[in-house]
2 protein chains.
Amino acid sequence: MDNKKIQEERMKRYFIQATKKILKGEGLKAVNVRTIAKEAGYSYATLYNYFKDIKDLVFECVKDFQSECKEIVDLEAKGTQRGVSRIKKISSSFMKYFVQYPGIFELFYLEKTYDLGHKKPTINLIYSFLDSLCEQDWNYCLDKKIFSESEIEIKKEALRNVTVGVLLFYLNRYNPPKYDEFIKLTERQINYVFK
Amino acid sequence: MDNKKIQEERMKRYFIQATKKILKGEGLKAVNVRTIAKEAGYSYATLYNYFKDIKDLVFECVKDFQSECKEIVDLEAKGTQRGVSRIKKISSSFMKYFVQYPGIFELFYLEKTYDLGHKKPTINLIYSFLDSLCEQDWNYCLDKKIFSESEIEIKKEALRNVTVGVLLFYLNRYNPPKYDEFIKLTERQINYVFK
DNA sequence: TAAGTAAATTAACAGTGTTAATATATTTAA
DNA sequence: TTAAATATATTAACACTGTTAATTTACTTA
């Protein structure tokens with residue numbers, strides 16, 4: 001029964017597509033089994049034939065959003081010279097993606113995950129996402145001996161924390177209150193990681 | 001009618017005390033109008049005579065927790081020499097407070113705040129909390145010309161972001177997975193802000 | 001084509017936040 | 001001091017959410 005598998009995957013995709021649409025549009029607060037099912041064109045109970053619970057479904061969107069974000073970031077960073085400059089460019093582009101879609105930021109970093117066991121891979125994907133976006137350039141820095149391995153480790157960590165930290169305050173705590181201040185802060189803080 | 005005011009404040013305090021207890025114990029997920037009211041010894045509807053909604057009540061706890069946190073941090077940092085060393089000490093102590101009470105971290109940084117207008121002061125209190133804990137020492141650094149004003153500004157920002165960033169990953173995304181790794185990461189990242 | 005299986009839907013329940021209707025205290029004025 | 005007026009608290013009820021159970025519909029296959 002390979003058809004069964006194909007059909008099941010298709011159904012899952014309908015629900016995932018619906019969830020993604022709502023998440024990007026009205027945000028996480030608008031995501032619930034009934035709105036998703038309606039958007040997907042099914043009854044809300046049908047959803048439970050394909051997903052353990054709604055968190056499960058919602059976290060299944062992560063990979064897609066990461067792909068989308070990566071595409072945008074790669075496009076935006078294209079042309080920037082390899083190494084530190086491009087890491088900076090990627091980082092600020094990465095942040096702008098979440099400013100454009102605050103619901104996706106919530107999903108990646110704020111949404112609770114009782115039942116860790118099953119979602120551990122997704123959680124790790126989220127944790128290392130920025131690193132993976134910059135991978136090439138970190139390797140470049142290592143090859144060219146711009147930074148040592150341990151320096152890179154520290155800078156990766158710092159970048160991870162600073163990007164998400166700034167976003168958290170901006171998107172969830174309205175600080176700084178204006179977008180252009182947010183941009184300045186972002187530039188300043190990303191630069192500070194490298195000096 | 002000054003009695004009215006006193007009595008009203010007293011009632012508010014009962015509910016706030018109850019909320020704090022639950023928040024520190026079972027965490028934010030266990031906080032709801034019915035558990036709070038039960039703990040306070042009133043019916044859940046009574047709560048609405050004193051608070052606009054449950055978010056309002058929950059955010060009223062912030063000040064108390066900040067006081068408590070400050071006490072603990074001050075005690076722990078006492079004896080550490082003024083300036084950078086003490087800023088580091090305060091920062092890691094600040095972080096440990098939230099590790100001890102993850103529910104309070106959620107309240108401070110993760111909890112959503114529709115109706116910004118009314119809660120703006122609390123939100124700002126949260127934003128500048130670490131700065132205020134370190135205020136003396138930042139001033140010391142400025143007086144002794146250890147850092148310039150603009151350097152201090154950048155370092156304050158960096159510290160704010162790195163502390164909350166590390167906590168977010170540790171408490172909400174289980175990374176690093178072990179406490180001792182978290183501690184090492186914390187030390188490393190706080191130090192990195194100052195070099 | 002009818003029986004058996006799979007899938008989807010409707011109904012129902014439990015846990016939230018919130019408001020309305022009702023009951024109980026308390027205060028005030030005759 | 002007591003009856004009316006006011007303030008406060010409680011119970012009932014509703015809306016919204018996640019989830020499961022019962023039922024119906026669709027599909028497969030003998």
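Labels below follow one simple rule: chain letters A, B, ... track the order of the sequence lines, proteins then strands, and each chain is numbered from 1. Reckoned from all heavy atoms, side chains included, excluding hydrogens, waters and symmetry mates.
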Does A/R86 form a salt bridge (charged side-chain N to carboxylate O under 4.0 Å, His left out) with A/D137? I'd like the steps, not just the answer. CA-CA 7 Å; A/R86 196 156 66 181; A/D137 297 276; 2.9 Å; yes
Protein-proximity profile, nucleotides 7-12 of chain D, B/S/- by nucleotide at the 4.0 Å heavy-atom cutoff, equals -SBBBB
The helix from C/dT1-D/dA30 to C/dA30-D/dT1: angle between its terminal axes, five pairs each, to 10°? 30°
Measure the acute angle between the ring planes of A/F15 and A/Y42, then classify it against the limits of 30° and 60° as parallel, tilted or perpendicular. tilted
Over 12 non-hydrogen atoms of neighbours within 6.0 angstrom of NZ in A/K52: yes
For B/K24, does the NZ atom sit with more than 12 other heavy atoms under 6.0 Å from it, leaving out its own atoms? yes
I need the [atom1]-[atom2] distance between [X] and [N], as an integer number of Å.
X: B/L28; N: C/dG17; atom1: CG; atom2: P; answer: 10 Å
X: A/E111; N: D/dG18; atom1: CD; atom2: P; answer: 10 Å
X: A/K52; N: D/dT20; atom1: NZ; atom2: C1'; answer: 14 Å

Return the set of residues passing side-chain contact (heavy atoms from CB on, under 4.5 Å) with A/Q17 (not counting sequence neighbours), or none when no residue passes. A/K20, A/D64
For residues B/R173 and A/I123, report the shortest heavy-atom separation together with the two atoms involved. O-CG2, 3.1 Å
State yes or no: do A/Y127 and B/V164 share one hydrophobic cluster built from I, L, V, M, F, W and Y residues joined by side-chain heavy-atom distances below 4.5 Å, directly or via other members? yes
Side chains of residues 149-159 of chain A: which donor-acceptor partners sit under 3.5 Å, not counting sequence neighbours?
unit_1: A/S150; atom_1: OG; unit_2: A/S148; atom_2: OG; d: 3.3
unit_1: A/E151; atom_1: OE1; unit_2: A/S148; atom_2: N; d: 2.7
unit_1: A/K155; atom_1: NZ; unit_2: B/Y192; atom_2: OH; d: 2.7
unit_1: A/E157; atom_1: OE1; unit_2: B/R188; atom_2: NE; d: 3.2
unit_1: A/E157; atom_1: OE1; unit_2: B/R188; atom_2: NH2; d: 3.4
unit_1: A/E157; atom_1: OE1; unit_2: B/Q189; atom_2: NE2; d: 3.0
unit_1: A/E157; atom_1: OE2; unit_2: B/R188; atom_2: NH2; d: 2.6

Does anything in residues 53-62 of chain A come within less than 4.0 Å of DNA chain C? Heavy atoms only, and list the residues if so. none
Residue pairs involving residues 72-81 of chain A (criterion side-chain hydrogen bond (donor to acceptor under 3.5 Å, both in side chains); sequence neighbours excluded): A/K70-A/D74, A/E76-A/S93
Given the rule in the ring pair (Phe, Tyr, Trp, His ring centres under 6.0 Å) test, do A/F94 and A/F98 qualify, once you have shown the distances and angles that lead to the verdict? CA-CA 7 Å; A/F94 162 87; A/F98 292 113; 5.1 Å; yes
